[in-house]
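Working notes, structure below.
A note on names: the letters A, B, ... follow the listed sequences, proteins ahead of strands, and every chain is numbered from 1.
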Protein chains: 2
Amino acid sequence: MDEECCDMRGMLGFLILFLVSKKPMHGKEIADEITKRKGEKPSPGTLYPAIKNLREAGFLDEQKEGKAITYTLTPSGKKALTVAKRKFCKIFLGVFP
Amino acid sequence: MDEECCDMRGMLGFLILFLVSKKPMHGKEIADEITKRKGEKPSPGTLYPAIKNLREAGFLDEQKEGKAITYTLTPSGKKALTVAKRKFCKIFLGVFP
DNA sequence: TTATATATATCGGATGACCGATATAATTAG
DNA sequence: CTAATTATATCGGTCATCCGATATATATAA
């Protein structure tokens, strides 16, 4: 909450699933894409635990490539995203032009 | 985070501003509308402090009517919502069909 | 080889969303 | 009138998002 806008926190796991559904990504790429959309870079302390949670929930697969770890959606991750998208669109119906 | 979907928490203040921008509402009405959209009722402990924060930020005006308090957007609340909507649409670009 | 840059990961702390329970206030029902 | 219902509000606690700082691991540069 600041002077010109309300707090826009939340939905991080959902956003990560959505981004990774578009193409496989490693952590830094996810961070960069979120930076682009939010205008602000998420800190490592935010991003990596969130990725870890999604992995532990079985929604993300990881593939180590050198020092980077590339994430893709698991089948249940795809299902979760489908459900989440439906929920999201219902909650925020009318916001998008 | 549950088994079939990621955590969808967040954006509560934004959602309240958006709902109130459509028509003046009292607390219970806001709760009912959120119930409709989320399929789950927000608890009083969630809703009223969030409304209070928005009021204190100057985004909501209140008008007591019997025991109900009807909320409307202040001019700066309208501005805040405009900014927030732009941010929201950018962050979640591509999610809505 | 060592030094630097870059990607990943964790830590302790803060804040908002969230809960269920409880309390208060006003209106309606009996 | 009293009792029940309904709307608002707070409380103590949990959890995810969020931060900046720090640590670890890997690749690249010198």
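- In this structure, the NE2 atom of A:H26 is 15 Å from the C1' atom of C:dA9, given to the nearest Å.
- Spacing between atom CG of A:L15 and atom C1' of D:dC18 amounts to 14 Å, rounded to whole angstrom units.
- The nearest whole Å value for the distance from the CE atom in B:M8 to the P atom in D:dT17 is 11 Å.
- Distance OH (A:Y48) to P (C:dG12): 20 Å, rounded to an integer number of Å.
- A:D7 places its CG atom 17 Å from the P atom of D:dA16, with the value rounded to the nearest Å.
- The pair A:E33-A:K22 fails the salt-bridge criterion, with no side-chain N (NZ, NE, NH1 or NH2) lying under 4.0 Å from an Asp/Glu carboxylate O.
- Both B:G27 and A:M11 sit near DNA chain D, but only B:G27 has its closest nucleotide nearer the 5' end.
- B:P49 comes within 4.0 angstrom of a base, heavy atoms only.
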Heteroatom pairs (N/O) under 3.5 angstrom, protein to nucleotides 20-28 of chain C:
unit_1 : atom_1 : unit_2 : atom_2 : d
C:dG20 : O6     : B:G45  : N      : 3.4

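- Residue B:I34 holds its CD1 atom at 5.5 Å from CG of B:L12, rounded to the nearest 0.5 Å.
- Taking atom CZ on A:R9 and atom C1' on C:dT15, their separation rounds to 5 Å, with Å as the unit.
- Within 4.0 Å (heavy atoms only), B:F14 reaches no atom of the nucleic acid at all.
- Using a cutoff of 4.0 Å between basic side-chain nitrogens and carboxylate oxygens, A:K41 and A:D32 are scored as salt-bridged.
- Atom-to-atom, CD1 of A:I51 to C1' of D:dA16 comes out at 15 Å; the value is rounded to the nearest Å.
- Two residues, A:G10 and B:K28, neighbour DNA chain D, and the one matched to the more 5' nucleotide by heavy-atom proximity is B:K28.
- Evaluation of the ring pair (Phe, Tyr, Trp, His ring centres under 6.0 Å) test over residues 15-49 of chain A, restricted to residues two or more places apart or in two chains, returns none.
- With sequence neighbours left out, the ring pair (Phe, Tyr, Trp, His ring centres under 6.0 Å) criterion links A:F14 to A:F88.
- Looking at A:T70 and A:Q63, their side chains never bring a donor and an acceptor atom within 3.5 Å of each other.
- One atom, CZ of B:F59, and another, P of C:dG16, lie 13 Å apart when rounded to the nearest Å.
- One finds a side-chain N or O of B:K38 lying less than 4.0 angstrom from the OP1 or OP2 phosphate oxygen of C:dC18.
- Ion pair A:E62/A:R55 flagged as a salt bridge, since at least one NZ, NE, NH1 or NH2 atom sits closer than 4.0 Å to an Asp/Glu carboxylate oxygen.
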